[in-house]
**Student:** 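The structure follows.
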Amino acid sequence: MRNQKIIALAGVTVLAAALAACGGGDDGGSGGDGKTLDVLIGANTQYPEEFQAWQKSISDKFKAQTGATVKFEQFASANDELTKIQTSVVAGSGPDVYAVGTTMTPTAYSTGAFVKMGDSEWQKIGGKDKFNPATLGISGPDENNLVGIPWVSRPFVMAYNTDLLKAAGIDKPATTWDELRDQAKKMTHGDQYGLAVAYKDNFDPWKFVWGMSVQAGNPLVDGKTAKLQDPTVQKAYETYFGWLTTDKIVDPAAVGWTNPQALASFAKGKTGYFALTTSTATNSLEQGAVKGKWAFALLPTVPPGATSRPANGVEAASILSGDNLLVADYSKNKDLAFQYVKLVTDPDVQLDYYQKFGNLPANASALQTLSSDQRLGPVTEAAKKSVATPFTGAWSDIQLALTNVAVQSLPDLAKGSLSAQQIDSRIATAQKSAQSSLDRAK
Amino acid sequence: MTTELLDQRNRRNRRNRRKEPRVKRAERKNRGVTERQRPLWLLTPGGLLMVLVILVPLALALWISLTDLDQYTLRRWIQAPFIGLDNYVESFDAGLLHSIWISVSFALIATAATVPIGIAAAVVTQNKYRGRGLVRAVFLIPYVLPSFVVATVWRTMLQPDGIVNSVLGSEGSLWLSGSRSYWTLILVEIWAAWPFIYLMALAALQSVDHEVHEASAVDGVTWWPKLTHVILPYLRGPVLLACLLATLNHINNFTLPFVLFGAPAPDNVNVMPMLVYVTSFQGLRFGLSAAMAVVSLIIILIPLFVYLRAVRLDVHEEGGRK
């Protein structure tokens, strides 16, 4: 019996030791040979093999420069990324460098877990001047509190079918939302539609509403006040839903489309405009029936119902979209982390990344070399005319609330009618949730 | 001593009456080992794991539900401000009752619908016939497919211009938004979950003694009275247990609604796991979502407890009452 007890005790000890070992530890050290830098980066589902190859080449370059290796960790979605940030912040250990989407940067900033960039930090990565100034717009709440280092841009643009526009006698793409509607009407007949919109997408709808409102002079957040219950927002939703219900320039099936489905529909060559896309769509378009018959254009920058922007309106061609790099405050490899950031924001690596994956450089000189590319012209222009969404930890909630208005409106949209009162009451719900989130913001 | 042990002992005693003195000695020895000197310390590893995996997280969740833990306090989560029951009060304002109603009704309807399908399928595959193995394998397909795959395939089929609408001739109908999404969720859940009832019912059918079938045949019972008066009573215990487990599985199913409808979900399918997920990982209100999870747990536990006490599940005829 005594033996059994000893064996059991040993078993318990081994178990406890194994569980303790699960806690893991840091690699430690401050750079150089034998060290490992942990980088969290979004998975590229479009070009997975090329992405692996890119990681290998960066890892090799980094090893040659510093003697340290880069270990890439991939996340599948923004939610996965957020979960990883949360667990790392709580544990005080995890990736050294995070590639974070621009709209998630305020949320990451609000955790206070990332290095604030001072002069010496900017110096380590080659200076603040090397970036396209617009891309720094969502790096922090103000000049003195920047955490995000711009890495790549994915400004939003429209794509249009050059043949269909020409056939309808339209010589240049629309620059105002009203013009876009009128042109789309001209192209809508039979099984052909003027506009492709992804109404069921979980990220698209708020971008339209934010853009139209900002152009009309309402940035949606004013200090600690949410300004969703506002005529500009109402008008934006009415326009956005109206394309389907009153103007009938969108395929009714679009109530079920996510962005890739809308892209696929446009690529079939039977739609005039695809309202919201980025340069990463290039390959898909080149493989579709629309091959050789499409071009990018800036999204309209004049609010609906107007022919010119009001005095307080902003020329927002796109949200400031792309990825920022953030260095974790708990990292024991900060110097190495900045060396990595320097490497991937240098012009040649940025251009190589663009060639492979279609993400625009955040590096100003690299971006400049692309502006000679005619097809890319509108995209580089959009990168310069991108405007940052409000920098508040409440933004993810506000975004969610704006999207929710569209999500709950889909059944009415499918029926083909959506009254102003219905929109109004859903905006009121969104306003309540946005304001409560702003009240909590610190 | 439990009734189960008493029953067993009585049966043994009757069978082995002639060998009574030896049996008595053995019994006394057995009882001594099993009751007085049970080596309970052998449970330590399992107990330790239970504490680590279940009790500690539960206690943490309870603690977090009383604090104002969000993105701003996450970094020093131990020092998150204690706010008492505020999160619980707020959770009722944030649509928790609506979500509980959706979850519970959805789970009950899904269970009620899967039981007849599962039992019918079990009865159909009980007797031997050519190709029975194949039919059994096919019946299990929905169960072995990962929830993610099931939801993705159904989501594709239920698009406004998808195959379901073209077969039904209802082009443009929305299955994944609005009030119909509730019934979509139930339909897909039924499709994916009925084989569980089928498996449990089949297992119960297999355990029906051969003599019962013979006796029915000797008495000349036709198939319907045999099914309703002889076979189905055998299924009662296992199927009730299956109902209980299936209902809990439905209530806790997150993958299916998340993949089918995405987040934010339409109000009609904003089930409890979705609400807790969105509050936690999109709204970053960990304190509030922990309170929601605790309320949900309590609300599910009450009827579950009452139910368990009331039916006193008989899983096996010889298993006795527990």
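This one's a predicted model, so the numbers in the text were calculated from it and none came from an experiment. A, B, ... follow the sequence lines: proteins, then strands. Residue 1 opens every chain.
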**Student:** Do you know which of Phe241(A), Tyr199(A), Tyr240(A) makes ring-ring contact (aromatic ring centres under 6.0 Å, His included) with Phe208(A)?
**Tutor:**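 Among Phe241(A), Tyr199(A), Tyr240(A), the one that satisfies the ring-ring contact (aromatic ring centres under 6.0 Å, His included) with Phe208(A) is Tyr240(A).
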**Student:** Could you please state which residues from residues 83-103 of chain B sit under 4.5 angstrom from chain A, measuring non-hydrogen atom to non-hydrogen atom, sorted by number, or 'none'?
**Tutor:** none
**Student:** Could you tell me whether a side-chain N or O of Ser166(B) sits under 3.5 Å from a main-chain N or O of Gly162(B), the two making a donor and an acceptor?
**Tutor:**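 Present.
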**Student:** Does Thr73(B) reach the main-chain N or O of Asp68(B) with its side chain, forming a donor-acceptor pair under 3.5 Å?
**Tutor:** yes
**Student:** Could you check whether any side-chain N or O of Glu189(B) sits under 3.5 Å from a backbone N or O of Ala110(B), counting only pairs where one atom can act as donor and the other as acceptor?
**Tutor:**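 It does not hold such a pair.
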**Student:** Report the C-alpha separation of Thr67(B) and Trp63(B) in whole Å, then their side-chain angles, then the decisive distance to 0.1 Å, and conclude whether the side-chain contact (heavy atoms from CB on, under 4.5 Å) test is met.
**Tutor:** CA-CA 7 Å; Thr67(B) 66; Trp63(B) 170 251; 3.8 Å; yes
**Student:** Check whether Ser419(A) reaches the backbone of Gln422(A) with its side chain - one donor and one acceptor, N or O, closer than 3.5 Å.
**Tutor:** yes
**Student:** Check whether Leu284(B) gets within reach of chain A through its side chain, its backbone, both or neither, counting any heavy atom under 4.5 Å.
**Tutor:**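 Contact with chain A: side chain only.
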**Student:** Taking 4.5 Å as the heavy-atom cut-off, does anything in residues 100-110 of chain A contact chain B, and if so which residues?
**Tutor:**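 Residues Thr107(A), Ser110(A) are the ones that qualify, each having a heavy atom under 4.5 Å from chain B.
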**Student:** With a 4.5 angstrom heavy-atom cut-off, could you sort out which part of Gln261(A) is near chain B: side chain, backbone, both or neither?
**Tutor:** side chain
**Student:** Do NZ/NE/NH1/NH2 and the carboxylate oxygens of Arg75(B) and Asp329(A) come within less than 4.0 Å?
**Tutor:** yes
**Student:** Using only atom types and a distance under 3.5 Å, with no angle test, would you say the side chain of Ser331(A) pairs donor to acceptor with the backbone of Val327(A)?
**Tutor:**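 No.
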**Student:** Is there a side-chain contact (heavy atoms from CB on, under 4.5 Å) between Trp154(B) and Val149(B) once you walk through the steps?
**Tutor:** CA-CA 9 Å; Trp154(B) 276 96; Val149(B) 175; over 6 Å; no
**Student:** How far apart are the closest heavy atoms of Arg155(B) and Val259(B), and which atoms are they?
**Tutor:**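 Where Arg155(B) meets Val259(B) most closely, the heavy atoms are NH1-O, 3.2 Å.
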**Student:** Below 4.5 Å, heavy-atom pairs only: which of Lys200(A), Gln399(A), Lys415(A) has the largest tally toward chain B?
**Tutor:**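 Option with the greatest count: Lys200(A).
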**Student:** About how many Å separate CG of Asp70(B) and OG of Ser280(B), when rounded to the nearest 0.5 Å?
**Tutor:**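 Taking OG in Ser280(B) and CG in Asp70(B), the distance rounds to 11.0 Å.
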**Student:** Does any heavy atom of chain A fall under 4.5 Å from the side chain of Leu174(B), the backbone, both, or neither of them?
**Tutor:** side chain
**Student:** Does Leu60(B) form a side-chain contact (heavy atoms from CB on, under 4.5 Å) with Trp77(B)? I'd like the steps, not just the answer.
**Tutor:** CA-CA 11 Å; Leu60(B) 266 178; Trp77(B) 63 278; 3.9 Å; yes
**Student:** With a 4.5 angstrom heavy-atom cut-off, could you sort out which part of Arg285(B) is near chain A: side chain, backbone, both or neither?
**Tutor:**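 Just its side chain gets close to chain A.
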**Student:** Treating Gln192(A) as the side-chain partner and Thr271(A) as the backbone partner, does any N or O pair qualify as donor plus acceptor under 3.5 Å?
**Tutor:** no
**Student:** So which of Ser396(A), Ala414(A), Gly393(A) has the largest heavy-atom pair count under 4.5 angstrom toward chain B?
**Tutor:** Gly393(A)
**Student:** Below 4.5 Å from any heavy atom of chain A, which atoms of Gln71(B) appear? Answer side chain, backbone, both or neither.
**Tutor:**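 When you check distances to chain A, atoms from both the backbone and side chain of Gln71(B) fall under 4.5 Å.
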**Student:** Taking all atoms of both residues into account, what is the closest heavy-atom pair of Thr156(B) and Thr152(B), and its distance?
**Tutor:**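 Smallest interatomic distance, heavy atoms only, reads OG1-O, 2.8 Å.
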**Student:** Using heavy-atom distances under 4.5 Å, tell me whether Ser181(B) contacts chain A through its side chain, its backbone, both, or neither.
**Tutor:**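 Neither part; nothing is under 4.5 Å.
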**Student:** If you measure from CG on Leu49(B) to CG on Leu55(B), what distance do you get to the nearest 0.5 Å?
**Tutor:**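 Output value for this atom pair is 11.5 Å.
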**Student:** Look at Leu413(A), Asp412(A), Leu400(A) and state which one has the largest set of heavy-atom pairs under 4.5 Å with chain B.
**Tutor:** Leu400(A)
**Student:** Name, in order of residue number, those residues of residues 249-259 of chain A that have a heavy atom at a distance of less than 4.5 Å from a heavy atom in chain B; otherwise write 'none'.
**Tutor:**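 Result: Ala253(A), Val255(A), Gly256(A), Trp257(A).
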**Student:** For Leu410(A), is it the side chain, the backbone, both, or neither that has a heavy atom closer than 4.5 Å to a heavy atom of chain B?
**Tutor:**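 Both parts, backbone and side chain.
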**Student:** Please give me the minimum heavy-atom distance between Asn165(B) and Pro160(B), naming the atom from each residue.
**Tutor:** ND2-O, 2.9 Å
**Student:** Would Ser265(A) and Tyr193(A) count as a side-chain contact (heavy atoms from CB on, under 4.5 Å) here? Give the steps.
**Tutor:** CA-CA 10 Å; Ser265(A) 166; Tyr193(A) 289 94; over 6 Å; no
**Student:** Could you check whether any side-chain N or O of Thr245(A) sits under 3.5 Å from a backbone N or O of Ser417(A), counting only pairs where one atom can act as donor and the other as acceptor?
**Tutor:**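 No; judged by distance alone, with no hydrogens or angles, the pair does not exist.
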**Student:** How are the rings of Phe281(B) and Tyr277(B) set to each other: parallel, tilted or perpendicular (split at 30° and 60°)?
**Tutor:**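 Tilted: the ring planes of Phe281(B) and Tyr277(B) meet at 30° to 60°.
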**Student:** Judged by atom type as modelled, is there a donor-acceptor pair below 3.5 Å linking the side chain of Tyr237(A) to the main-chain atoms of Leu402(A)?
**Tutor:**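 Flag set: sc Tyr237(A) to bb Leu402(A) pair under 3.5 Å.
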**Student:** Can you list the residues of residues 261-270 of chain B that sit under 4.5 Å from chain A, counting heavy atoms only?
**Tutor:** Phe261(B), Gly262(B), Ala263(B), Pro264(B), Ala265(B), Pro266(B), Asp267(B)
**Student:** Verify, without hydrogens or angle tests, whether Ser437(A) (side chain) and Ser433(A) (backbone) share a donor-acceptor contact under 3.5 angstrom.
**Tutor:**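 No: the side chain of Ser437(A) does not pair with the backbone of Ser433(A).
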